[in-house]
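One structure below.
If you're wondering where the values come from, they're calculated on a predicted model, not measured in any experiment.
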Protein chains: 2
Amino acid sequence: MNAGGVSIPKQTFHRLPGYYNYLKLLRSEGIETVSSTTIAKDLRLGEVQVRKDLACISKTGGRPRTGFSVAELIDSIEYQLGYNRMDEAVLVGAGNLGRALLSYSGFEEIGINIVAAFDRDESVVGQTLFGKQVLPISKLSDLCQRMHILIGIIAVPGSQAQQVCDLLVSAGIAAIWNFAPVHLTVPDDVLIKNENLAASLAILSQNLSEQLAKGNLL
Amino acid sequence: MNAGGVSIPKQTFHRLPGYYNYLKLLRSEGIETVSSTTIAKDLRLGEVQVRKDLACISKTGGRPRTGFSVAELIDSIEYQLGYNRMDEAVLVGAGNLGRALLSYSGFEEIGINIVAAFDRDESVVGQTLFGKQVLPISKLSDLCQRMHILIGIIAVPGSQAQQVCDLLVSAGIAAIWNFAPVHLTVPDDVLIKNENLAASLAILSQNLSEQLAKGNLL
DNA sequence: TAGATTGTTAATCGATTAACAATC
DNA sequence: TAGATTGTTAATCGATTAACAATC
């Protein structure tokens, strides 16, 4: 078990959301403890790997014969993923994807608040979508600096993405979540995460072909 | 360089979309060749890693002094990611996220066609959104089986996701792309990829905190 | 106690990095 | 030729897996 500040392996970190959703399912069914064996089976992971992952994040650890406390694991993961802390972000692009992100209630749950959306299209500017104001792009820089916002979400077409990206950077944004399927050039100290939906689906489809090919050989 | 059927390391595979967008940017600027050093610098990767990645995918390989052909690399990546092949998928859930996916032109480009959307809400059933029909859930099974569709996309609220998932599985779907932030239970032979938007953003925000903390120490 | 389960230590595996030889 | 660049071979690193001891 882990007292706190110790660093978690990157791969383990990326498995945490999977554990989290699974554990919430157990909790909703009234299950209070679970063994690493059971988790491993249901999540299709190795049981030693699960034990090692949980050892990284759980403060109390598990108990022989009973396993881990579902509630404690959920709390630990929420802590590790920063679901307690509140963070603010701005969204650029109030098209279909932007609206989907605005309507998505999951962000609030994990402590991230989209404070406003920005768009260059005058017909949407001024509207309130899902409780969030849509402001003109011209107000972006001022608002980000005034509110010390560090996270920007790009949901504009690829052709405008670099321009929007430059604007965000000049407004003091330190991390960018980019949905446009284009390469963005940013200064070294700006964090960038590309969410390439088309590529994700392509990879799933490739994995499927491989699995089907493998199945045919057996 | 790689003739074809040889297997590509998983990590390399996941970096391909990044190379792809970058190379397309170069091509749009009229650049015909590029060195691994340049790619590494712009993509913030190790230059040996880039060379090793490209060796995996490129048929022709690079040439000393000139580097790699941008066009050839783009072709090779398209081949590896299956952008040539055409695949069909169904979408369940025509809410905000579903609409964003329907409106997203990127899928066609990579050879994936969403043949129809399904929803249980009678007020959207029968509409045509972004050129795709919205059909009642009751027709899902029949259509999937008739058209031999293997990929299903879940864009419904978490509370309905498992039910939709079961329906997809019973309709013969072999791979599921799940946007609902819940754990889905599926038979062993069904591939599942969870696209947890909230978790992705949480991880970006955590990375940012770490970077800021590191910066303060220096 | 016996057995299920955790946690740790060592071995293996895959991916990254470093060093260097090959090529135009 | 000299130098930039690729490609390969060996070393390192991190993550996974296996074996086993510890605990309730």
Nearest-angstrom distance from the residue atom [atom1] of [X] to [atom2] of [N]:
| X | N | atom1 | atom2 | value |
| --- | --- | --- | --- | --- |
| B/Phe68 | C/dC24 | CZ | P | 14 Å |
| A/Arg65 | C/dA4 | CZ | C1' | 5 Å |
| A/Ile57 | C/dT6 | CD1 | C1' | 15 Å |

#### Entry: Euclidean distance, B/Phe68 CZ relative to B/Leu54 CG, rounded to 0.5 Å
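These two atoms lie 4.5 Å from each other.
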
Give a yes-or-no answer on whether the side chains of [X] and [Y] include a donor-acceptor pair shorter than 3.5 Å.
| X | Y | result |
| --- | --- | --- |
| A/Asp53 | A/Gln49 | no |
| A/Ser76 | A/Gln80 | no |
| A/Gln211 | A/Asn207 | no |

### Shortest non-hydrogen contact from B/Tyr20 toward B/Glu78
OH-OE2, 2.5 Å

### Test side chain to side chain contact (heavy atoms under 4.5 Å, CB included) applied to A/Gln160 and A/Leu167, step by step
CA-CA 11 Å; A/Gln160 296 161 39; A/Leu167 186 65; over 6 Å; no

### Atom CZ of B/Arg63: over 12 foreign heavy atoms under 6.0 Å
no

### Task
Evaluate whether atom CD of B/Gln145 has more than 12 neighbouring non-hydrogen atoms of other residues, nucleotides or ligands under 6.0 angstrom away.
yes

### Task
Determine, for nucleotides 9-20 of chain D in 5'-to-3' order, which nucleotides have protein heavy atoms under 4.0 Å from the base (write B), from only the sugar-phosphate (write S), or from neither (write -).
BB----SSBB--

#### Entry: Pair assignment for DNA chain C - dot-bracket with | for other-strand partners, Watson-Crick or G-U under 3.5 Å
..||||||||||||||||||||||

